[in-house]
Peer 1: 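Got a structure for you, written out below as structure tokens; questions coming shortly.
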Amino acid sequence: MTVALPASLLLVGAGKMGGAMLDGWLKIGLPPARITVIDPYPSPAMQALADKGLTLNPALADLAPQAVLVLAVKPQMLDEAAPQLDRLIGADSVILSILAGKTITDIKERLPAARAIVRAMPNLPASIGRGVTAAVGSSGLTLAQRDLAQALLSGVGSVEWLDDESLIDAVTAISGSGPAYVFHLAECLAEAGRTLGLPADVAVRLARATVSGAGELLHQSDLAAGTLRENVTSKGGTTAAALEVLMAADGLQPLILRTAQAAKRRAAELSG
Ligand SMILES: NC(=O)C1=CN([C@@H]2O[C@H](COP(=O)(O)OP(=O)(O)OC[C@H]3O[C@@H](n4cnc5c(N)ncnc54)[C@H](OP(=O)(O)O)[C@@H]3O)[C@@H](O)[C@H]2O)C=CC1
Ligand SMILES: O=C(O)[C@@H]1CCC=N1
């Protein structure tokens, strides 16, 4: 069954992530005329969409209740953004929050009219339809409302529904923030290449193509990441020598664990 995209969608905060999801939704056919965006300093891209029928920064008093309200401001801005939104929530509205750390209870406290909330944690590749989102629904969410959220989230990548909201902070630490870890790996590879004597621009191109090529192979292959790693590793060769360092007891695994733990701790601090 194909679920229709929402009849009206209000995006509150069209920054890096809200803008990325909006790009994805436009690509799957959500008409600009159904979209309203609130953002104090809209990007030129957002201004251009306004020329194509998207409603940008209208007087909120003139706006009817919305089928979907997407909360995409920084968590620290929720208190400032929320008061003007409550009257835009109708009996059937779905609140889709992507705010790191903010719980369903935190959102209900700010938006007393909200009955149906989806707390989701997407990631930046949503802008090219290759995101991954984990989501949890509030107690008042109907099946039809969950299908509507699924239609939006699956339009920008894959979706994992969770029953336990407390897992969302771990999701944030792995897949929400994760693209930054991967981009940093590309930076580190380029820097290592430069240190080994490669011209800086060549090192950047090699690192970028290596990370994106390996990511694409992982995407297209049915093989586990470990098997793909083994396929690069010739016995007694260069990769084996490299992995002795990377996979040592004090290598990448404990570093990534500490990295993710720091992100999860910060998510917990942002709640409330
Ligand atoms: N970036 C990512 O990869 C991910 C982000 N998230 C979540 O998405 C949310 C947004 O993050 P991100 O896109 O990185 O941050 P950004 O700062 O890029 O985006 C937030 C946007 O909201 C705008 N804004 C500020 N105040 C208001 C307001 N009162 N009403 C409407 N808009 C407002 C900001 O404008 P201005 O810049 O002028 O202040 C900005 O354009 C966060 O809650 C984050 O946890 C979730 C998953 C991944
Ligand atoms: O850095 C952040 O707080 C957000 C949440 C996950 C990715 N970016």
Side-chain angles (χ1 to χ4, degrees), residues 9-25 35-47 49-50 54-61 63 66 68-89 95-104 106-107 110-111 117-136 149 152-153 156-160 162 165 167-184 259-272:
L9 181 148
L10 173 66
L11 174 63
V12 185
K16 290 180 282 294
M17 193 63 227
M21 295 184 88
L22 183 60
D23 284 348
W25 293 331
I35 304 169
T36 303
V37 169
I38 313 174
D39 193 294
Y41 300 102
S43 65
M46 219 48 63
Q47 307 274 10
L49 283 169
L54 175 147
T55 306
L56 185 55
N57 288 328
L60 292 185
L63 216 55
Q66 300 286 300
V68 176
L69 280 86
V70 182
L71 304 180
V73 293
K74 287 195 183 74
Q76 298 90 327
M77 300 305 292
L78 179 60
D79 281 332
E80 184 183 315
Q84 55 183 349
L85 303 177
D86 212 43
R87 60 163 296 279
L88 300 174
I89 300 172
I95 313 300
L96 175 59
S97 168
I98 64 164
L99 276 57
K102 293 296 180 198
T103 64
I104 288 173
D106 294 335
I107 294 159
R110 269 58 167 224
L111 299 173
I117 299 172
V118 173
R119 181 179 171 195
M121 182 44 58
N123 68 4
L124 203 60
S127 64
I128 56 163
R130 289 279 296 277
V132 59
T133 301
V136 62
L152 286 171
L153 296 174
V156 295
S158 57
V159 187
E160 302 277 347
L162 302 174
E165 188 189 354
L167 297 178
I168 290 278
D169 287 353
V171 169
T172 306
I174 301 302
S175 54
S177 296
Y181 316 158
V182 175
F183 298 137
H184 186 52
T259 299
Q261 283 169 332
K264 183 167 178 269
R265 259 196 314 276
R266 182 62 188 143
E269 288 167 7
L270 289 168
S271 74

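A quick note: this is a predicted structure, and the numbers were derived from the prediction, not measured. We count ligands from 1, going down the list as the structure has it; atoms in each ligand are counted the same way.
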Peer 1: Of all the atoms in ligand 1, which lie at a distance below 4.0 Å from a heavy atom belonging to K74?
Peer 2: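 Those of ligand 1 that fall under 4.0 Å from K74 are 17 (O), 42 (C), 43 (O).
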Peer 1: Give the atoms of ligand 1, by number and element, whose distance to some non-hydrogen atom of A81 is under 4.0 Å.
Peer 2: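 Once the distances to A81 are compared, the set is 29 (N).
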Peer 1: Closer than 4.0 Å to some heavy atom of P122 - which atoms of ligand 1 meet that?
Peer 2: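 That gives atoms 47 (C), 48 (C) of ligand 1.
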Peer 1: Hey, is R119 close enough to D169 for a salt bridge, meaning N to O under 4.0 Å?
Peer 2: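 Salt bridge flag = yes for D169 with R119.
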Peer 1: Decide yes or no for T36 and L63: does some side-chain heavy atom of the first lie under 4.5 Å from some side-chain heavy atom of the second?
Peer 2: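 They are in contact (side-chain heavy atoms under 4.5 Å apart), so the answer is yes.
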Peer 1: Is there a protein heavy atom less than 4.0 Å away from atom 29 (N) of ligand 1?
Peer 2: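 Under 4.0 Å from atom 29 (N) of ligand 1, at least one protein heavy atom found.
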Peer 1: I need the nearest protein heavy-atom contact for atom 24 (N) of ligand 1: residue, atom name and distance, please.
Peer 2: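 Atom 24 (N) of ligand 1 sits closest to the protein heavy atom P40 CD, 3.6 Å.
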Peer 1: Would a 4.5 Å heavy-atom cut-off, applied to side chains only, mark V118 and V136 as touching?
Peer 2: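 In short, these two side chains do not touch, never coming nearer than 4.5 Å.
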Peer 1: Considering only heavy atoms of I98, which atoms of ligand 1 have at least one such atom less than 4.0 Å away?
Peer 2: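 Going through ligand 1 atom by atom, the ones under 4.0 Å from I98 are 6 (N), 7 (C), 8 (O), 45 (O), 46 (C).
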Peer 1: Heavy-atom pairs closer than 4.0 Å: do any link ligand 1 to the side chain of M77, the backbone, both, or neither?
Peer 2: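 For M77, the contact with ligand 1 is made by the side chain alone.
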Peer 1: Within the 4.0 Å heavy-atom shell around M121, which atoms of ligand 1 are there?
Peer 2: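 The list of qualifying atoms is 46 (C), 47 (C).
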Peer 1: Short check: is a protein heavy atom less than 4.0 Å from atom 17 (O) of ligand 1?
Peer 2: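 Answer yes: something from the protein, a heavy atom, is under 4.0 Å.
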Peer 1: Does some non-hydrogen atom of the protein lie less than 4.0 angstrom from atom 2 (C) of ligand 2?
Peer 2: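 It does not: no protein heavy atom is found less than 4.0 Å away from atom 2 (C) of ligand 2.
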